[in-house]
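Below is one structure; the comments refer to it alone.
Computation of the quantities below employed the complete heavy-atom set of this structure, encompassing side-chain atoms and omitting hydrogens, waters and symmetry-equivalent molecules. The sequence lines fix the lettering, A, B, ..., with proteins before strands; numbering per chain opens at 1.
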Number of protein chains: 2
Amino acid sequence: MVDSTDITEKTEQQLQALSEALESGTLHHAKGMLNALHPAEIAHLLESLPSHERLVIWPLVSKDLEAEVLINLGDEIRHGLIKDMSPEQLVEVAEDLEVDDSADFVQSLPDSVIDQVLHSLDSQHRKMLESVLSFPEDSAGGMMNTDTITVRPEVTLDVVLRYLRLLGDIPKPTDHLIVVDRDNRYLGILALSELLINEPENTVEDIMDDQVTAIPSDMEDNDVAMVFEDLDLISAPVVDGNNMLLGRITVDDVVDVIREEADHSVLSMAGLNDEEDLFSPVLPSSRRRAIWLGINLITAFMASWVVSNFETTLERVVTVAILMNVVASMGGIAGSQTITLVIRSMALGQFARNNRWWVFNKEVMVGLFNGLIWAVVVALIATFWFDDYSVGLVIAAALIINLIFAAASGVAIPIILKKLHIDPAIAGSVILTTITDIVGLLAFLGLATIFLL
Amino acid sequence: MVDSTDITEKTEQQLQALSEALESGTLHHAKGMLNALHPAEIAHLLESLPSHERLVIWPLVSKDLEAEVLINLGDEIRHGLIKDMSPEQLVEVAEDLEVDDSADFVQSLPDSVIDQVLHSLDSQHRKMLESVLSFPEDSAGGMMNTDTITVRPEVTLDVVLRYLRLLGDIPKPTDHLIVVDRDNRYLGILALSELLINEPENTVEDIMDDQVTAIPSDMEDNDVAMVFEDLDLISAPVVDGNNMLLGRITVDDVVDVIREEADHSVLSMAGLNDEEDLFSPVLPSSRRRAIWLGINLITAFMASWVVSNFETTLERVVTVAILMNVVASMGGIAGSQTITLVIRSMALGQFARNNRWWVFNKEVMVGLFNGLIWAVVVALIATFWFDDYSVGLVIAAALIINLIFAAASGVAIPIILKKLHIDPAIAGSVILTTITDIVGLLAFLGLATIFLL
């Protein structure tokens with residue numbers, strides 16, 4: 001039973017207990033509480049602590065949970081905790097983990113110790129690890145485990161059942177055994193549920209499913225996640241180009257991929273690094289965030305430069321200075337709406353060559369529509385505020401122009417960035433708002449110069 | 001085997017084939033291709049089509065896939081497709097689905113037909129459905145299925161094995177049977193893998209695991225997802241307040257919750273509704289997005305009103321009009337970085353009462369730090385550009401003030417909104433940028449009025 005139905009509440013109580021233990025010095029108390037938790041929960045708690053408290057709590061984690069806790073932490077936090085560990089201790093951690101986690105762990109180590117750790121592993125571990133390390137981290141090969149249980153098609157279920165009892169241990173989660181021929185070529189799967197409901201005299205071949213998806217080792221991790229989601233898979237075999245069985249991917253790792261992908265989208269929209277952590281010390285945080293502020297500064301000065309070309313207009317018609325921000329900001333919002341939808345549809349594989357033109361036209365129409373509606377509102381407000389309908393007309397025209405441009409850029413920018421192999425989630429929004437700022441200011445100040453001077 | 005390792009490429013080819021079939025009128029071709037796909041894949045394709053093409057393709061989907069395709073579509077798209085279906089057809093769909101999906105489907109129907117559909121269901125279906133419908137949609141009770149297989153602790157594994165063969169069908173995914181007493185009280189689980197590796201003479205009690213998490217029916221769906229992620233679960237029993245077994249939740253539904261939650265974060269950051277769809281018609285899209293533009297218009301005019309109070313300053317020192325946007329926009333970026341991290345940590349349950357003060361101080365320090373660094377840069381640029389160091393000093397001071405305010409607001413706003421039970425992901429960023437705009441403009445124009453006039 002989970003004690004509390006509110007997880008946030010539960011974490012809060014645990015954090016409270018930990019800080020009290022820290023303050024009162026009764027660490028053995030904290031130790032008991034901590035090690036009764038699941039490693040992922042311990043990792044959550046550690047991530048919720050400021051870094052100095054984290055270093056005090058970490059040694060309380062019992063040795064046999066250490067490896068699982070470490071792999072559940074973000075890279076940066078993990079680095080902070082392992083930097084004082086000896087290569088021997090790191091080898092122990094690597095050996096305690098499943099092979100895919102072990103590969104991730106070893107890859108995240110400083111280059112100087114990776115070789116040392118790899119060489120100190122026992123040969124079976126090293127061999128398995130090297131087979132996974134030979135694939136890119138974000139491919140099916142890099143996600144897979146090698147803990148497959150394989151059976152031959154010609155044996156009976158009775159033999160399989162006896163084999164499993166002999167084995168005495170089935171890795172979690174296993175929903176099917178994998179059927180291969182004598183050359184280890186993938187043939188199909190034998191679901192445990194089929195094994196349980198069919199008569200033991202049947203052969204594997206009789207009841208195996210040979211229509212089931214095997215994942216090619218070079219498939220990207222996001223695509224693997226989509227296959228798992230679409231087909232509601234628990235585990236899936238991974239094969240090489242010759243259909244040879246290499247390993248298997250399990251749904252728990254797929255869930256991690258989905259969570260990471262989601263995190264990446266949200267963080268990169270705010271110009272944050274995937275490693276950014278609310279509980280990092282001040283200096284590394286400041287340094288990482290400074291980059292995005294710097295990029296924004298360049299675009300802000302570009303907008304200022306546009307404005308500076310209309311000095312005379314600004315000096316003569318102060319209303320223009322008061323209102324210019326409205327046009328730029330409305331364009332930014334409308335453009336963000338479009339670019340967010342386009343980037344999301346791209347990630348879901350829904351944005352293809354043959355519907356692009358339709359989407360472009362549609363978004364431009366939406367821009368025109370909302371441009372017209374809000375132009376009327378803005379024009380009325382400006383006219384009444386400054387008692388001058390010509391200001392109202394100018395700002396209305398500028399708003400329509402900018403909203404159409406915003407929609408068009410929102411569709412075009414991700415397409416162009418993708419062609420250039422730049423992640424649109426990271427670079428898209430800053431380019432977009434630069435365009436909407438500049439177009440909005442140019443349109444409004446330009447029209448004002450022509451009609452209001 | 002998945003034919004292509006690139007899912008986007010694959011979807012693109014399928015979309016291409018569909019449009020060609022549409023244009024050439026060879027719909028039987030498209031029909032064959034479509035119905036060879038998994039329902040979730042058909043749903044993906046339908047979502048990638050503009051609405052008029054969607055209506056042409058939909059009738060090609062074979063009757064026995066209809067229900068599964070419908071449940072994989074977004075609410076709005078589904079509504080578009082079922083609005084011409086008769087209540088009898090809707091009942092068929094509801095009966096074809098698993099009970100949790102069936103509940104979601106029925107809840108998404110127009111109020112006018114819900115009762116009619118519920119009454120036309122056969123009594124067994126209706127009873128199951130009503131048990132799920134009695135829980136909120138976003139709770140464990142609303143996520144669960146009632147397809148549990150239960151066993152008693154006193155029977156032997158041999159009896160269980162024979163019972164399963166008799167049953168002849170095990171619902172997917174099943175990784176364990178649920179052990180209950182004669183009153184249906186939850187006792188523990190019996191993993192299928194344990195059932196397979198242990199000798200048939202053992203009793204269920206001997207090998208069952210009674211330490212395993214049962215999910216209370218009132219737990220929120222996001223919390224359920226976190227439990228599944230932390231403990232790497234495939235399925236979990238759901239119990240009521242008296243520990244009575246109600247049903248079970250499976251990982252495929254958890255994956256959907258995670259994906260929806262992620263989608264919600266990304267979309268709401270851009271002021272988009274969860275139902276917003278790149279392929280919706282122009283009018284509904286325009287209407288939904290107009291709301292956010294309207295809210296933004298109010299905040300933009302608030303900023304304009306602040307500026308209008310400094311008319312004299314603007315008229316006399318045009319440099320101020322040229323540069324004022326820089327201060328406001330840097331504050332917006334810095335504040336967004338902080339608020340994004342805070343909202344994310346809140347969702348992960350990491351942001352608790354006892355680390356709030358630490359986080360607040362830390363973020364303000366980051367704001368001060370980056371304020372100082374970029375103030376120097378901005379001051380130098382402004383000084384050289386306008387050949388006037390006093391402008392440089394004023395903008396530097398305003399930038400530091402705004403970045404500190406941005407950091408403080410980034411931490412405070414989500415806390416306050418959460419207390420008021422308002423989703424910070426939706427309302428947070430617009431409130432934040434309103435504050436950073438106004439504080440930035442006030443600080444810069446105010447200081448300019450004091451020191452530059």
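- In this structure, chain A has a heavy atom under 4.5 Å from the backbone of Asp169(B), while its side chain stays farther away.
- Neither the backbone nor the side chain of Asp253(B) has a heavy atom closer than 4.5 Å to any heavy atom of chain A.
- For a residue to count as touching a neighbouring chain, one of its non-hydrogen atoms must lie under 4.5 Å from one of that chain's; by this rule Val377(B) touches chain A with the side chain only.
- Heavy atoms of Leu272(A) lying under 4.5 Å from chain B belong exclusively to its side chain.
- Both the backbone and the side chain of Val326(A) come within contact range of chain B, each with at least one heavy atom under 4.5 Å from a heavy atom of that chain.
- With a threshold of 4.5 angstrom between heavy atoms, Leu195(B) approaches chain A through side-chain atoms but not through N, CA, C or O.
- Neither the backbone nor the side chain of Ile343(A) comes within contact range of chain B; no heavy atom of the residue lies under 4.5 Å from a heavy atom of that chain.
- In terms of the side-chain hydrogen bond (donor to acceptor under 3.5 Å, both in side chains) criterion, residue partners of Asn198(A) (sequence neighbours excluded) are, by chain and number, Glu194(A).
- With a 4.5 Å cut-off on non-hydrogen atoms, Leu441(A) does not touch chain B at all.
- Contact of Glu261(A) with chain B is made through the side chain alone, with heavy-atom distances under 4.5 Å.
- Judged by distance alone, the side chains of Asn296(B) and Ser329(A) do bring a donor and an acceptor atom under 3.5 Å apart.
- If you measure heavy-atom distances from Val266(A) to chain B, the contacts under 4.5 Å come from both the backbone and the side chain.
- Heavy atoms closer than 4.5 Å to chain B are found in the side chain of Asn325(A), but not in its backbone.
- Between Pro50(B) and Lys362(A), the closest side-chain pair of non-hydrogen atoms is not below 4.5 Å.
- For chain B, the nearby part of Arg344(A) is the side chain; its heavy atoms alone come within less than 4.5 Å.
- Taking the side chain to side chain contact (heavy atoms under 4.5 Å, CB included) definition, one finds that Arg287(B) meets it with Pro284(B), sequence neighbours left out.
- Contact annotation for Phe228(B): neither backbone nor side-chain heavy atoms come within less than 4.5 Å of a heavy atom of chain A.
- Looking at Asn222(A), there are no atoms closer than 4.5 Å to chain B (heavy atoms on both sides), in backbone or side chain.
- For Ser345(B), the part sitting under 4.5 Å from any heavy atom of chain A is the side chain, from C-beta outward, and nothing else.
- At a 4.5 Å heavy-atom cutoff, the contact between Leu283(A) and chain B is made by side-chain atoms alone.
- For a residue to count as touching a neighbouring chain, one of its non-hydrogen atoms must lie under 4.5 Å from one of that chain's; by this rule Ile373(B) does not touch chain A.
- For Pro281(A), the part sitting under 4.5 Å from any heavy atom of chain B is the backbone (N, CA, C, O) and nothing else.
- Heavy atoms closer than 4.5 Å to chain A are found in both the backbone and the side chain of Trp305(B).
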